[in-house]
Amino acid sequence: MSEAEIDWDSLTFSLTQTDFMYIATCNLGGVWEPGKVLPYGKLEIDPAAGVLNYGQGIFEGMKAQRSAEGNVVLFRPEENARRFQRGADRLGMPPVPESIFIDAVEQMVAANNRWIPPTGRGALYIRPVLWGTGAIMGVAPAPSYTLCIFVTPVGPYFKGGLSCIDLLISDEFHRAAPGGSGGVKAIGNYAPGMMPSINAKKQGYAEVIYLDAEEHLYVEEVGAANFFCIKDNVIYTPELTGTILPGITRASLIDIARHKGYEVIEQKVSTELAMSADEAFCCGTAAVISPIGSITHGETEKVYQNRTVGKITRELYDTLVGINTETVEDTFGWMHKVNLDLTINHA
Ligand SMILES: *Cc1c(COP(=O)(O)O)cnc(C)c1O
């Protein structure tokens, strides 16, 4: 497929196969060496691989996009690299050095350059994964590990602008427990959310809101996105207690809001606070910001801003997207330009 044959406007958030993937391997107790770029294709894996039997794996999600300046840019990739290291550590895997991670991501972007959508029409979604691929029978760290990175072009999450979503608070299911793996992107955290999410969708909701597993009183996350609400011009978001994934979008929005002079409070956010707020939204790399139109908890439904996008939500969204597309000044030094002429280490 040549560049001209890609129908950019029909892209959604789904997998389109691209040309190249990146693979590096490391033994337990060993040292990571830079990997190789290979044609995208299937992997061979031992049925006794640690990741297949015991879920020893983590992932990341990031985006490269063509900015209004004509650059190909990544957003704070060092933060993804560091979170990937913390996740590896939590799951007993050898952390990938930041320099190898970033170099690998850049090579994937450069090698798959023709799959990066034109400015404003989407992004190249980058998916790094780290798996225990060595064979192991007992429940213990696998003897060897694979870092794989693949990419796929994705369309804008909301075509035709921001739209509000309806959410359902789950009283029955939890995403993460104290001391567990909720604070890292462990692959095993996501399958247990599928059934609650499908059930919520059957009832007409976009996603479920998970409460804390101890007291069932505090909002933790919206599916796999972080939660914010705004009341009397004060911005609230659940504090990072270990059960909440420390989103890079979340951290960036806190910085942007404080820089604009808003008070931002990181604390436990009760369902009462959330459902008495003026605006609410959730955020993450995929959608950036999804404004929340309503939240239902049992018999109670709270509608925000008559299901339109609130003023502060809009302001934060415009600023973050502006920084991402290099149309708003990058005062924080977040954007990372990719050198498309870098050396690609083909296998
Ligand atoms: C990835 C993820 C987020 C969002 O993190 P970003 O770094 O902003 O993309 C939020 N919650 C969960 C559970 C996630 O997996």
Side-chain angles (χ1 to χ4, degrees), residues 13 55 57-65 74-88 90-91 98 101-102 105 123-130 151-152 154 156-157 165 167 170 173-178 180-194 196-197 200 206-213 218-229 237-257 264 266 269 280-290 292 313 316-317 319-321 323-324 332 334-336:
F13 198 87
I58 52 169
F59 69 94
E60 267 303 327
M62 39 210 303
K63 277 176 176 172
Q65 40 199 317
L74 295 164
F75 183 68
R76 310 185 76 180
E78 322 75 34
E79 294 299 321
N80 296 92
R82 286 174 204 150
R83 186 168 66 190
F84 204 56
Q85 292 186 324
R86 292 197 299 272
R90 178 67 184 82
L91 267 61
E98 187 174 321
F101 179 93
I102 294 192
V105 166
L124 190 70
Y125 184 81
I126 305 160
R127 171 53 61 84
V129 282
L130 172 58
V151 300
T152 184
V154 294
Y157 205 83
I165 54 173
L167 300 173
S170 171
F173 302 105
H174 294 288
R175 195 190 80 87
S181 60
V184 298
K185 285 178 109 71
I187 60 171
N189 291 347
Y190 298 85
M194 293 177 187
S197 174
E207 197 37 276
V208 288
I209 292 183
Y210 291 109
L211 302 183
D212 75 286
Y218 304 103
V219 173
E220 297 229 307
E221 294 206 49
V222 179
N226 293 120
F227 179 82
F228 280 77
C229 62
T237 193
E239 62 184 339
L240 300 177
T241 53
T243 52
I244 291 170
L245 194 285
I248 297 162
T249 316
R250 173 191 178 280
S252 307
L253 289 171
I254 292 173
D255 287 350
I256 289 171
V264 182
E266 295 179 72
V269 175
F281 64 84
C282 58
C283 67
T285 295
V288 188
I289 281 181
S290 302
I292 298 171
T313 303
L316 295 175
Y317 175 83
T319 306
L320 183 54
V321 169
I323 292 173
N324 264 283
F332 300 97
W334 284 337
M335 300 317 295
H336 179 110

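Every value quoted in this text rests on a predicted model; they were computed, and no experiment measured them. Sequential numbering from 1 along the given sequence is applied to the chain's residues. Values reported hereafter were calculated over all heavy atoms of this structure, with side chains retained and with hydrogens, waters and symmetry mates removed. All ligand and atom numbering here is 1-based and tracks the order in the structure.
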Pull out every atom of ligand 1 sitting under 4.0 Å from any heavy atom of [X], numbered as shown with elements.
X      : result
Arg175 : 13 (C)
Gly247 : 5 (O), 6 (P), 7 (O), 8 (O)
Glu221 : 10 (C), 11 (N), 12 (C), 13 (C)
Arg83  : 5 (O), 6 (P), 7 (O)
Tyr190 : 13 (C), 14 (C), 15 (O)

Open item on the list: Just to be sure I'm reading this right: ignoring hydrogens, which of Gly284, Ala176, Ala224 gets closest to atom 3 (C) of ligand 1? Compare them by their nearest heavy atoms.
Closed with: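 Residue with the shortest heavy-atom distance to the ligand atom: Ala224.
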Open item on the list: Check contact between Gly61 and ligand 1, using heavy atoms of the residue and a distance below 4.0 angstrom.
Closed with: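 The answer is no, since Gly61 has no heavy atom less than 4.0 Å from ligand 1.
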TODO: Could you give me the CA-CA distance, side-chain angles and deciding distance for His336 and Glu78, then say whether side-chain contact (heavy atoms from CB on, under 4.5 Å) is met?
DONE: CA-CA 9 Å; His336 179 110; Glu78 322 75 34; 3.7 Å; yes
Open item on the list: Could you measure the distance from the CD atom of Glu266 to the CD1 atom of Ile254? Nearest 0.5 Å is fine.
Closed with: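 One finds 4.0 Å between CD of Glu266 and CD1 of Ile254.
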- [ ] Please round to the nearest 0.5 Å and tell me the distance separating atom CZ of Arg127 and atom OG1 of Thr152.
- [x]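 Here the rounded value is 10.5 Å.
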Task: Distance-only N or O hit between ligand 1 and Asn226, under 3.5 Å - done: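 So ligand 1 has no N or O lying under 3.5 Å from an N or O of Asn226.
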Task: Any N or O of Arg250 closer than 3.5 Å to N or O of ligand 1 - done: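 No.
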When you measure from [atom] to every protein heavy atom, which one gives the shortest distance, and what is it?
atom                    : result
atom 8 (O) of ligand 1  : Thr249 OG1, 2.6 Å
atom 14 (C) of ligand 1 : Lys185 NZ, 3.0 Å
atom 9 (O) of ligand 1  : Thr285 OG1, 2.6 Å

TODO: Using the side-chain contact (heavy atoms from CB on, under 4.5 Å) rule, take Trp334 and Ile256 through it: C-alpha gap first, then chi angles, then the decisive distance, then the call.
DONE: CA-CA 11 Å; Trp334 284 337; Ile256 289 171; 3.8 Å; yes
Open item on the list: Between Arg250 and Glu221 (salt bridge meaning N to carboxylate O under 4.0 Å), is one present in this structure?
Closed with: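 Between Glu221 and Arg250 there is no salt bridge, as every charged N stays at least 4.0 Å from the carboxylate O atoms.
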Task: Pair Arg82 + Glu98, salt bridge at N-O below 4.0 Å - done: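 Between Glu98 and Arg82 there is a salt bridge, with a charged N closer than 4.0 Å to a carboxylate O.
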TODO: Could you tell me whether Leu245 approaches ligand 1 through its side chain, its backbone, both or neither, with non-hydrogen atoms closer than 4.0 Å?
DONE: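 Answer for Leu245: side chain.
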TODO: Tell me which part of Ala225 gets within contact of ligand 1: side chain, backbone, both or neither, using heavy atoms under 4.0 Å.
DONE: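 Backbone only.
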Open item on the list: Show, in sequence, the C-alpha distance, side-chain angles and deciding distance for Tyr317 and Phe281, and conclude whether the side-chain contact (heavy atoms from CB on, under 4.5 Å) test is met.
Closed with: CA-CA 10 Å; Tyr317 175 83; Phe281 64 84; over 6 Å; no
TODO: Could you pull out the closest heavy-atom pair between Leu245 and Leu240, with the gap in Å?
DONE: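 So the minimum-distance heavy-atom pair works out to O-CD2, 4.3 Å.
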Task: Check: Val269 and Thr237 side chains under 4.5 Å, non-hydrogen atoms - done: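 Thr237 does not reach Val269 side chain to side chain.
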